[in-house]
Asker: 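Dropping a structure here in structure tokens format, bear with me for questions.
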Amino acid sequence: MSLLKGTRLRPFIVFGIMAALLTFVGISQSWGVSLTIINMCIISAIMTLGVNIQWGYAGLFNVGIMGFCALGGAAAVLVSKAPVTEAWSAGGAGMALALLCLVAGCCFVFILNRKWGKRPFRTTVTFIAALGVYFLARHFYDPASAAIEAVNPAKTGYLGGMGMPIILSWIVGGLFAAGAAWLIGKVTLGLRTDYLAIATLGIAEIIVALLKNEDWLTRGAKNVTGLPRPVPFELQLQQDSWFVDLVSRFNADLLAGLATDERAATLQSLVMDASGIFVKLCYTGLFLMVLLVLFTLCQLALNSPWGRMVRAIRDNETAAAAMGKDIKGRHLQIFVLGSAVVGIAGAMMTTLDGQFTPGTYNPLRYTFLIWVMVIVGGSGNNLGSILGGFLVWFIWIEAEPMGTWLMNVVTLGLDPASALKAHLLGSAQYMRLMVMGGVLLLVLRYSPGGILAEKSGHK
Amino acid sequence: MPEFIDILNALVLMTNYVILPALTYGSQLALGALGVTLVFGILRFSNFAHGDTMAFGAMVTILITWWFQSLGLSFGPLPTALLALPFGIAVTAVFLLFTDRFVYKHYRGIGAKPITFVMVSVGVMFIMNGLVRFVIGPADQRFADGARFIFKAREFKEYTGLAEGLALRSSQVITIVLAIILVAALFWFLQKTKTGKAMRAFSDNENLALLSGIDPDKIVRITWILAAILATVAGVLYGLDKSFKPFVYFQLLLPIFAAAIVGGLGKPIGAIAGGFIIAFSEVAITYVYKKFLIYLLPENLEPESLMQLLATEYKFAVSFVILVLVLLVRPTGIFKGNVV
């Protein structure tokens with residue numbers, strides 16, 4: 001590593017190594033597996049870009065990434081699924097009323113608190129008013145949610161979505177996350193860094209708890225499956241004549257040497273394989289476009305006067321404040337922007353999965369793993385973030401088979417029927433957590449700037 | 001007016017479902033928050049690995065408990081885990097001292113920022129998390145043995161003749177008693193012994209403490225040992241009271257930090273107060289008040305709904321909201337903790 005220090009070629013070399021690793025998986029396992037990893041790598045890279053905006057540019061420690069990612073996922077459901085008209089007529093009006101009560105009530109409590117001024121019992125009055133608003137909203141909410149959840153609970157039991165193309169949800173997911181970030185940022189920014197961390201940790205848990213339990217909104221733990229796709233389905237491709245022609249042209253040499261009936265069978269299996277890869281390639285293309293757009297925007301922002309101001313605030317808040325920079329305002333802006341990018345990635349991930357499963361969001365995988373990516377890649381460097389996303393996701397995926405392999409080697413000498421061997425083999429998947437912790441600690445210790453460190457000469 | 005017997009029944013109901021569970025949970029949170037606050041006061045960072053330290057300590061204790069049980073050792077009516085507890089503490093303390101020597105010490109040497117320490121503790125958290133799941137698995141483990149109840153709800157009903165029962169579980173009594181002993185010992189140590197005074201001096205003003213010849217390495221070692229004791233006891237008590245599941249311990253991080261911050265980071269007394277505030281709010285807000293109100297209200301006012309302020313799934317929201325309110329109104333916490 002130290003050999004490479006300071007050379008301009010460093011990014012090319014590390015990305016070359018990354019490409020070689022992915023190619024190796026493609027050749028030794030299969031191209032389908034390799035493409036699956038690449039797609040998730042790109043999504044991880046986008047999330048990492050978002051966190052890098054917050055941490056690398058401004059030094060904000062956000063451990064609520066999981067929540068913003070889940071909000072993006074919820075957006076995918078709410079945008080793409082067809083609306084359930086029955087549920088709307090059953091409880092739509094009640095829900096709207098409850099929402100209206102909540103919004104109007106919050107405004108009322110806020111204004112009351114302001115206007116109360118120095119008069120006595122200000123806190124008590126505000127508290128009672130807030131409690132009143134809560135009960136009023138609950139009064140409309142409880143029957144409405146029960147009515148909605150009662151509509152065909154096995155299949156729907158929720159309001160459904162807008163029935164629009166799922167690609168739109170990538171933007172909506174970003175907006176959702178931005179909105180949530182604005183609310184949280186308003187409250188917690190300006191306090192010391194650790195407090196922001198704890199607060200974001202909490203808000204992420206709350207968001208995921210909401211999505212798990214508010215069945216009327218996103219079916220909660222019952223999951224939403226069969227989301228529409230922005231790309232064709234494999235089955236449909238296999239019947240399209242242009243696709244079959246394309247595959248047979250690609251494999252003309254192979255097919256020419258076969259007998260007629262054998263040729264048809266071979267062609268069919270080739271088409272099956274190719275359709276899977278084609279669909280994954282379509283996703284890769286879409287994701288790459290988003291990544292490129294976001295990367296370009298990030299680079300432009302980082303190298304603009306705005307980017308320099310933000311870094312100045314990060315490196316010395318007092319000095320920046322003395323220069324007349326609005327620190328709280330900039331922090332809020334950055335917190336919202338970074339969270340929006342994470343929300344976009346969250347919506348993309350749900351689109352790729354084709355289903356929304358709130359039960360699978362867990363902070364180790366969706367928050368702290370992204371942090372490992374940022375630190376390993378190089379905080380403050382956009383290219384480094386992308387590399388971190390790719391590399392760490394690759395390690396995360398490959399650590400499991402490696403762990404199993406390692407355990408197989410370690411337990412070779414043990415009796416195959418022994419309980420210890422079975423336990424060790426069964427636990428091999430948790431090796432990846434230790435690997436991640438180890439990687440994070442090693443990078444923090446021996447290369448604190450990450451693999452591709454930030455360019456400017458501070459620190 | 002409700003009759004006297006109804007009021008009694010309502011009170012018993014509250015004690016059984018709110019006060020006793022909240023006292024127990026509060027003691028567990030207070031012990032956890034004490035660990036966080038000590039590490040914050042001396043080492044000056046928020047230790048994200050504390051939840052997993054609790055899980056680690058509990059895991060070691062469980063393994064030793066199982067070993068004792070297989071040997072046929074028991075502690076009479078008390079759970080065997082209490083016999084195993086000192087060994088669990090010792091192993092956890094060695095582990096923490098080991099991580100300090102090979103991980104945190106370097107960053108103290110270079111004078112790293114607090115946030116770097118937090119980041120490093122995330123790395124330690126990952127490793128401990130993986131280690132616990134690797135050794136004992138992610139599933140629920142029950143290891144409580146001995147007598148489960150001091151007295152059962154049925155016995156209470158027969159004895160008093162009330163309609164409502166009150167059950168006193170031995171895990172609740174053990175938790176509260178052990179927490180009181182441990183907290184008393186800790187305060188005695190911090191207030192009366194020379195090392196404890198040195199620790200407080202170090203926490204108040206590091207440079208001044210160093211000038212007066214206090215050995216920083218010793219202070220740090222003692223802090224980690226105390227953190228190991230508190231985390232292991234809290235982890236084992238929580239496991240005895242509910243059950244041991246690694247992910248739940250990780251999630252305890254939020255209420256524990258909320259308790260420490262609400263009380264004032266770095267203030268031991270604040271951590272205890274914070275623990276009980278969080279626990280009582282969490283239990284009281286997610287409790288279903290229907291039966292309680294039926295006892296107290298006249299018949300024509302009896303509620304039809306559950307009268308639950310917030311569903312149990314949202315109990316995290318309670319600690320979060322309290323945390324945010326305290327941060328907005330009084331960022332230093334109730335007992336004016338040190339804000340670095």
Side-chain angles (χ1 to χ4, degrees), chain A residues 55 59 61 63 123 131 134-135 138 142 184 187-188 190-199 201-206 208-210 212-214 220 362-364 367-369 371-372 375 379 403 423-424 426-445 448, chain B residues 40 45-46 48-49 99 102-103 106-107 110 112-116 118-120 122-138 246-247 250-251 253-255 257-258 260-261 265 305-306 309-317 319-321 323-324 327-329 331 339-340:
Chain A
W55 171 247
F61 190 45
V63 265
T123 323
L131 212 61
Y134 177 73
F135 278 116
R138 275 287 293 270
D142 285 345
I184 306 158
V187 176
T188 50
L191 297 165
R192 52 169 285 151
T193 344
D194 302 34
Y195 290 176
L196 178 70
I198 309 294
L201 188 75
I203 203 76
E205 291 286 352
I206 293 174
V208 171
L210 273 172
K212 258 190 220 167
N213 297 299
E214 295 304 306
N362 101 49
L364 280 177
T367 297
F368 293 106
L369 187 66
W371 269 101
V372 178
I375 303 292
S379 41
H423 175 81
L424 284 178
S427 307
Q429 51 171 315
Y430 303 111
M431 295 279 283
R432 48 156 73 157
L433 293 172
M434 286 186 259
V435 170
M436 279 306 134
V439 166
L440 180 62
L441 287 180
L442 286 175
V443 169
L444 277 173
R445 175 77 173 260
Chain B
F40 186 90
F45 72 96
S46 306
F48 269 64
T99 43
F102 290 99
V103 181
H106 165 76
Y107 298 95
I110 60 170
K113 285 192 225 161
I115 201 70
T116 312
V118 175
M119 211 67 94
V120 172
V122 167
V124 175
M125 179 196 83
F126 256 109
I127 290 191
M128 293 188 105
N129 216 306
L131 200 62
V132 170
R133 282 168 168 77
F134 184 77
V135 174
I136 206 165
F247 186 61
F250 171 78
Q251 285 188 314
L253 207 56
L254 180 65
F257 266 105
I261 293 175
L265 263 177
S305 62
L306 289 173
L309 278 168
L310 203 63
T312 328
E313 291 84 6
Y314 297 126
K315 60 177 186 205
F316 293 113
S319 16
F320 176 77
V321 169
L323 175 70
V324 167
L327 287 183
L328 286 179
V329 180
V339 177
V340 183

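Chain identifiers are assigned alphabetically (A, B, ...) following the order of the sequence lines, protein sequences preceding nucleic acid strands; residue numbering begins at 1 within each chain.
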Asker: So which heavy atom on A/Ile198 is nearest to which on B/Leu254, and how close?
Answerer: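 Result for this residue pair: O-CD1, 3.8 Å.
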Asker: What is the minimum heavy-atom distance between A/Tyr430 and B/Pro138, and which atoms define it?
Answerer: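 The answer is OH-CG, 2.9 Å.
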Asker: State the CD-NZ distance between B/Glu313 and A/Lys212, to the nearest 0.5 angstrom.
Answerer: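 Rounded to the nearest 0.5 Å, the CD-NZ separation comes out at 9.5 Å.
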Asker: At a heavy-atom separation under 4.5 Å, does A/Leu440 approach chain B through its side chain, its backbone, both, or neither?
Answerer: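 Side chain of A/Leu440 only, per the 4.5 Å heavy-atom cut-off to chain B.
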Asker: So for A/Val63, is it side chain, backbone, both, or neither that comes closer than 4.5 Å to the heavy atoms of chain B?
Answerer: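 The answer is the side chain of A/Val63.
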Asker: Is any side-chain heavy atom of B/Phe126 closer than 4.5 Å to one of A/Val439?
Answerer: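 Not in contact.
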Asker: Shorter than 4.5 Å, heavy atoms on both sides: which option in B/Ile115, B/Val103, B/Val124 has the most such pairs with chain A?
Answerer: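 With the most close heavy-atom pairs to chain A, the winner is B/Ile115.
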Asker: In terms of heavy-atom proximity below 4.5 Å to chain B, should A/Val435 be classed as side chain, backbone, both, or neither?
Answerer: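 Neither part.
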Asker: For the candidates A/Thr188, A/Ile203, A/Val372, A/Leu201, which exhibits the highest count of non-hydrogen atom pairs separated by less than 4.5 Å from chain B?
Answerer: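 Counting heavy-atom pairs under 4.5 Å, the top option is A/Ile203.
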Asker: CZ of B/Phe320 to CD1 of A/Ile206: how many Å apart, nearest 0.5 Å?
Answerer: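 Rounded to the nearest 0.5 Å, the CZ-CD1 separation comes out at 5.0 Å.
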Asker: Pick one of side chain, backbone, both or neither for A/Phe368, based on which atoms fall under 4.5 Å of a heavy atom in chain B.
Answerer: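 Both parts, backbone and side chain.
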Asker: Specify which of A/Trp55, A/Phe135, A/Trp371 makes the most heavy-atom pairs with chain B at under 4.5 Å.
Answerer: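 Max contact count across the listed options: A/Trp55.
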Asker: What distance separates B/Met119 CE from A/Leu444 CG, expressed to the nearest 0.5 Å?
Answerer: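 Between atom CE of B/Met119 and atom CG of A/Leu444 there are 7.0 Å.
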Asker: For B/Phe48, what residues pass the ring-ring contact (aromatic ring centres under 6.0 Å, His included) criterion, not counting sequence neighbours?
Answerer: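 B/Phe48 satisfies ring-ring contact (aromatic ring centres under 6.0 Å, His included) with B/Phe257 only.
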Asker: With a 4.5 angstrom heavy-atom cut-off, could you sort out which part of A/Leu210 is near chain B: side chain, backbone, both or neither?
Answerer: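 Contact with chain B is through both the backbone and side chain of A/Leu210.
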Asker: With a 4.5 Å heavy-atom cut-off, do A/Leu364 and B/Met125 have their side chains touching?
Answerer: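 In short, these two side chains touch, coming nearer than 4.5 Å.
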Asker: With only heavy atoms counted, which part of B/Met128 is less than 4.5 Å from chain A, the side chain, the backbone, both or neither?
Answerer: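 The answer is neither part of B/Met128.
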Asker: Taking all non-hydrogen atoms of both residues into account, name the closest pair between B/Phe102 and A/Arg445 and its distance.
Answerer: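 For B/Phe102 versus A/Arg445, the nearest heavy atoms are O-NH1, 3.1 Å.
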Asker: In terms of heavy-atom proximity below 4.5 Å to chain A, should B/Val118 be classed as side chain, backbone, both, or neither?
Answerer: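 Contact with chain A: side chain only.
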Asker: Side chain, backbone, both or neither: which part of B/Val135 has a non-hydrogen atom closer than 4.5 Å to chain A?
Answerer: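 Just its backbone gets close to chain A.
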Asker: Taking all non-hydrogen atoms of both residues, which atom of B/Ile127 and which atom of A/Met434 are closest, and how far apart?
Answerer: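 Scanning both residues completely, I find the closest heavy atoms to be O-CG, 3.7 Å.
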Asker: When A/Tyr195 is tested against each of B/Leu323, B/Val324, B/Leu265 for side-chain contact (heavy atoms from CB on, under 4.5 Å), which residue passes?
Answerer: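 When side-chain contact (heavy atoms from CB on, under 4.5 Å) is applied between A/Tyr195 and each of B/Leu323, B/Val324, B/Leu265, only B/Leu265 qualifies.
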Asker: Taking salt bridge (charged side-chain N to carboxylate O under 4.0 Å, His left out) as the definition, give me every residue that meets it alongside A/Arg138, ordered by chain and number, with sequence neighbours left out.
Answerer: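 A/Asp142.
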Asker: Which bit of B/Phe134 comes within less than 4.5 Å of chain A, counting heavy atoms only: side chain, backbone, both or neither?
Answerer: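 Answer is both: backbone and side chain atoms of B/Phe134 are under 4.5 Å from chain A.
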Asker: Measure the spacing between CG of B/Leu309 and CG of A/Leu131 and express it to the nearest 0.5 Å.
Answerer: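 One gets 7.0 Å once the value is rounded to the nearest 0.5 Å.
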